[in-house]
Amino acid sequence: MNRPPRYLLCGILAFSLGNLSAEAFLGDLLNFGKGKKVLSSEQLSNQENAAAPLLVKARQQESNGNRRQALSTYKSIARSYPRTEAASEALFNYGRLLEAEGDHRKAFEQYQKLVSDYPNTPHFSEAIQRQFTIAETLRKTEKKGFLGIGAPIQPSKLIEMFKFISESAPGTEFAPKALLGMGYVHTKQGETTEAIASFQSVVDAHAGTPYASEAQYQVYQLRGVKAERSNSPNADRAQVEAGLDFVNQNPEDARAQEIKAGLDSIEERSMEKKYNTGRFYEKSGKPESARVYYREVAADPGSSWAAKAQERLDALDRVPETKEKAGFFGANPLKKDEVEMRTSEDDVVPLSDE
């Protein structure tokens, strides 16, 4: 025996308790089992005629301060008469009332359904704007919850919200704003690689806008985070390049001066890493590979590491060359074959912890 769906049973209960209008209940009953089948023009006209007065009634309920009844009627219209013009209007108002009640996540879902199912709705722009406001409000909340339990929203869900906005309204200001929001969430979660990707997408797709400038600055900062965690001078080079990109494309931005002032310290950090890489190769019994790094450091007289690098070069020049195979801790006396050494800048690969 086929049983009516749970929502219809709930509708019967709501009707019996007086929370659902007779018209809305009748609409649910008449549409039970119809699914998504194609309606004839006559059927559609009949549904329009049934939904229109319900919409008027819902508005009147809201105007009279009967929000719970209005919520119920709006919801029923959207669910029972989804093909009608009244449905999209009801769905928007349903989301709006949920938002006013403080049920932000559920309101976001209703706006999402509106934007997805009724892309031609006159409320499209406002729905997107409201979604962004909801997502930003949730992003900035300080309530955490214990182990995430009780928090207003989980970061992964928040990222989904911003992603939906950026993909639903690519030609609006909310697309770059949403991508920035995704980047901020990833940053807060310590997901540096993902955050850089989000910010870089703003730089690539919205060049020349204030959103791109902000994103580019965030990329520079995050490149610094990665560089500080890395033993490779390549990470420092990536931050320098990100900084120079910002300075060249935003010369009037006040942050350009901040970046310029920081480039020297980044370069100094890079020289230290190169020197340490040279020491690693030297202690590993690979003097020619070590020389590559020492020469790079010594070639920068402005670095405090230049003199130390030159000292190591001089020391290596005083050590007799050996043709014995170098082991990890130096030359291996048990091996008599020729040493296969990387001795040029192109051959030596900087150490990386990534």
In terms of hydrophobic clustering (I, L, V, M, F, W, Y; side-chain heavy atoms under 4.5 Å; direct or indirect links), are [X] and [Y] co-clustered?
X    : Y    : value
L244 : V219 : no
I259 : I196 : no
F92  : M161 : yes
M271 : L313 : yes
Y211 : L222 : yes

What closest approach, in Å, do [X] and [Y] show between heavy atoms, and which atom pair accounts for it?
X    : Y    : result
Y81  : A87  : O-CB, 3.1 Å
A227 : A235 : CA-CB, 3.6 Å
A178 : F162 : CB-O, 3.3 Å
A50  : L54  : O-CG, 3.6 Å
E48  : A86  : OE1-N, 4.4 Å
A207 : A212 : CA-CB, 4.0 Å

Heavy-atom distance under 4.5 Å between the side chains of [X] and [Y], does that happen here?
X    : Y    : value
Y217 : N250 : no
V115 : F164 : yes
P287 : R291 : yes
R130 : Q110 : no
I128 : F124 : yes
L71  : Q61  : no
V202 : E214 : no
K226 : R229 : no

Are [X] and [Y] close enough for a salt bridge, meaning some N to O gap below 4.0 Å?
X    : Y    : value
E99  : R105 : no
E241 : R237 : no
E136 : R139 : yes
E228 : R269 : yes
K106 : E109 : no
R96  : E62  : yes
K274 : D236 : no
E101 : R67  : yes
E173 : K177 : yes

Next on the checklist: Would you call the rings of Y281 and Y293 parallel, tilted or perpendicular, taking 30° and 60° as the class edges?
Outcome noted: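 Ring orientation, 0 to 90° scale: parallel.
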Would you give the length of the straight line joining atom [atom1] of [X] to atom [atom2] of [Y], rounded to the nearest 0.5 angstrom?
X    : Y    : atom1 : atom2 : answer
L114 : E126 : CG    : CD    : 10.0 Å
L158 : H186 : CG    : NE2   : 10.0 Å
Q129 : S125 : CD    : OG    : 9.5 Å
N93  : Y74  : CG    : OH    : 4.0 Å
S303 : D264 : OG    : CG    : 10.5 Å
T121 : E89  : OG1   : CD    : 7.0 Å

Next on the checklist: Show, in sequence, the C-alpha distance, side-chain angles and deciding distance for Y184 and F199, and conclude whether the ring pair (Phe, Tyr, Trp, His ring centres under 6.0 Å) test is met.
Outcome noted: CA-CA 9 Å; Y184 295 138; F199 290 129; 5.5 Å; yes
Ignoring hydrogens and angles, tell me if any N or O in the side chain of [X] forms a donor-acceptor pair with the backbone of [Y] under 3.5 Å.
X    : Y    : result
Y111 : L91  : no
S116 : Q112 : yes
S168 : I165 : no
T141 : T137 : no
S232 : N234 : yes
N64  : N66  : no
S270 : I266 : no
S63  : R59  : no
S80  : I77  : no

Checklist entry - When the aromatic ring centroids of F132 and F174 are compared, is their separation below 6.0 Å? => result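 Aromatic pair counts; centres sit under 6.0 Å.
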When you check the side-chain N and O atoms of [X] and [Y], is any donor under 3.5 Å from an acceptor?
X    : Y    : result
Q43  : Q47  : no
D245 : Q216 : no
Q310 : Y294 : no
Q69  : T73  : no

Item to check | Heavy atoms from other residues, nucleotides or ligands near CD of E85 exceed 12 (cutoff 6.0 Å) | outcome: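 No.
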Next on the checklist: As a quick check of understanding, evaluate side chain to side chain donor-acceptor pair (under 3.5 Å) for S230 and K273, giving each step before the final call.
Outcome noted: CA-CA 9 Å; S230 172; K273 290 179 182 178; 4.8 Å; no
Item to check | Trace of the side chain to side chain donor-acceptor pair (under 3.5 Å) decision for T187 with Q218 | outcome: CA-CA 9 Å; T187 299; Q218 294 299 326; 5.3 Å; no
